[in-house]
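Input: a single structure, listed below in C-alpha cells.
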Amino acid sequence: MNTLSYKTVSANSATANKEWVLVDADGQTLGRLASKVAKLIRGKHKPNFTPHVDCGDNVVIINAEKINLTGKKWTDKSYIRHTGYPGGQRSLTATEMFEKDPTRLIEKAVKGMLPKNKLGSALFRNLYVYAGTEHGQDAQKPKAINLNDLK
C-alpha cells in the first residue's frame, strides 16, 4: 500500500494559491459580511486550509459607505478605546465612526474575527477596504464574487 496516500497535506507559503477577490458591500449587513470576508482571508474555504499558514485570498471591499446595521446598532453600538492615560477611556458610536471613516467599521469587524496573534496581523494586511467604487487594485485583476453564494 502506498503510504503517501493517507498523509495530511499541509500548505505553506510556496504551495498556497492566493487569489484576488472583489466584494461589493452595497446593501450587506456588517457582521454577516465581516464573517464571510474573514473566512476568505483566512482561507477556510479552500481544501488545503492550514491553520498556521496564510493560505487565504486577498480581499478588496468596495462601497463601504453603503453597509447596513440592523436594529438600533447605529446609535447603541459603541467602539471603546483607551489613550493610555488615567481616565483616558474614549468611545464612539457606530454613527460617529461611520461619519469619520466608513471603512473603519468593516476593518474593525473583520479584524475582530481574525486570530489575535502575528498570523492575524499578517492576514489583516490582505484586506483592502474602499468607501466608493474606485479601488487601487485594478492591476491585480480581482475576481468579483457574490457573498450570498458562499456558505
Side-chain angles (χ1 to χ4, degrees), residues 11-13 15-151:
N12 58 29
S13 58
T15 61
N17 54 341
K18 296 173 71 65
E19 299 174 352
W20 283 84
V21 176
L22 180 70
V23 173
D24 191 358
D26 187 8
Q28 298 283 335
T29 306
L30 177 64
R32 294 171 191 270
L33 169 95
S35 64
K36 290 177 182 177
V37 167
K39 201 177 284 186
L40 287 172
I41 291 173
R42 188 92 197 274
K44 294 190 92 169
H45 64 292
K46 295 186 177 183
N48 65 342
F49 168 69
T50 308
H52 62 278
V53 177
D54 177 8
C55 56
D57 295 334
N58 296 304
V59 179
V60 179
I61 299 177
I62 57 172
N63 290 326
E65 82 279 352
K66 296 180 182 173
I67 198 79
N68 287 336
L69 267 74
T70 58
K72 296 191 289 182
K73 291 194 189 97
W74 282 114
T75 54
D76 292 354
K77 186 171 179 60
S78 65
Y79 293 91
I80 299 171
R81 62 185 178 88
H82 199 282
T83 63
Y85 289 97
Q89 183 169 311
R90 306 283 186 263
S91 66
L92 290 170
T93 64
T95 307
E96 293 167 341
M97 185 176 282
F98 185 81
E99 287 168 359
K100 276 188 173 183
D101 187 10
T103 62
R104 287 198 12 220
L105 276 179
I106 294 177
E107 287 174 352
K108 284 184 76 65
V110 172
K111 187 168 188 168
M113 296 179 186
L114 293 175
K116 277 64 170 180
N117 52 26
K118 290 179 186 177
L119 176 65
S121 302
L123 291 171
F124 184 66
R125 290 187 208 108
N126 296 334
L127 176 68
Y128 303 87
V129 184
Y130 296 96
T133 56
E134 299 296 318
H135 60 87
Q137 275 68 36
D138 289 324
Q140 284 76 22
K141 298 187 180 102
K143 181 180 70 171
I145 62 165
N146 187 2
L147 284 184
N148 298 330
D149 296 340
L150 297 176
K151 281 188 179 180

Problem - Nearest non-hydrogen partners of Gly27 and Asn68, listed with the distance - result: O-ND2, 3.2 Å
Exercise for the section: Using ring pair (Phe, Tyr, Trp, His ring centres under 6.0 Å) as the criterion, list what pairs up with Tyr128, not counting sequence neighbours. Expected result: Trp20
Problem - Any Leu22 side-chain heavy atom under 4.5 Å of Lys143 side chain - result: no
Handout entry: Minimum-distance pair of heavy atoms, taken over all atoms of Ala94 and Lys73
Key = CB-O, 3.6 Å
Problem - Heavy-atom check, side chain of Asn58 versus side chain of Glu19, under 4.5 Å - result: no
Practice task
Please round to the nearest 0.5 Å and tell me the distance separating atom NE2 of His52 and atom CG of Leu119.
Solution key: 9.5 Å
Handout entry: Verdict with supporting geometry, Thr93 and Lys77, side-chain contact (heavy atoms from CB on, under 4.5 Å)
Key = CA-CA 6 Å; Thr93 64; Lys77 186 171 179 60; over 6 Å; no
Handout entry: Short side-chain to backbone donor-acceptor contact, Asn63 and Lys66, under 3.5 Å
Key = no
Exercise for the section: Check Asn126 against Asp57 and note the closest heavy-atom contact, atom names and distance. Expected result: CB-O, 4.0 Å
Exercise for the section: Verify, without hydrogens or angle tests, whether Lys111 (side chain) and Gly120 (backbone) share a donor-acceptor contact under 3.5 angstrom. Expected result: no
Exercise for the section: Step through the shown structure and confirm whether more than 12 heavy atoms of other residues, nucleotides or ligands are within 6.0 Å of NZ on Lys118. Expected result: no
Exercise for the section: If a pair satisfies ring-ring contact (aromatic ring centres under 6.0 Å, His included) and one of its residues is in residues 63-109, list it, with sequence neighbours excluded. Expected result: Trp74-Phe98
Problem - Minimum side-chain heavy-atom gap Leu40-Ile145 below 4.5 Å - result: yes
Exercise for the section: Side-chain contact test, heavy atoms from C-beta onward, threshold under 4.5 Å: evaluate it for Ile61 versus His135 and give yes or no. Expected result: no
Practice task
For the residue pair Val129 and Leu127, establish whether any side-chain heavy-atom pair is separated by less than 4.5 Å.
Solution key: yes
Completion exercise
Given the options Val60, Ile62, Leu33, Val23 meets side-chain contact (heavy atoms from CB on, under 4.5 Å) only with Leu33
Exercise for the section: For Ser91 and Ile80, work out which heavy atoms get closest and say how close. Expected result: CB-CG1, 4.0 Å
Exercise for the section: Would you check if the side chain of Thr50 reaches a backbone N or O of Asn48 as a donor-acceptor pair within less than 3.5 Å? Expected result: yes
Handout entry: Atom NZ of Lys108: over 12 foreign heavy atoms under 6.0 Å
Key = no
Practice task
Using modelled atom types only, decide if a donor and an acceptor are shared between the side chain of Asp54 and the backbone of Leu123 within a distance under 3.5 Å.
Solution key: no
Practice task
Return yes if some donor-acceptor pair links the side-chain N/O of Lys44 with the main-chain N/O of Lys39 below 3.5 Å, else return no.
Solution key: no
Exercise for the section: Return yes if some donor-acceptor pair links the side-chain N/O of Ser78 with the main-chain N/O of Leu92 below 3.5 Å, else return no. Expected result: no
Practice task
Return yes if some donor-acceptor pair links the side-chain N/O of Arg42 with the main-chain N/O of Met113 below 3.5 Å, else return no.
Solution key: no
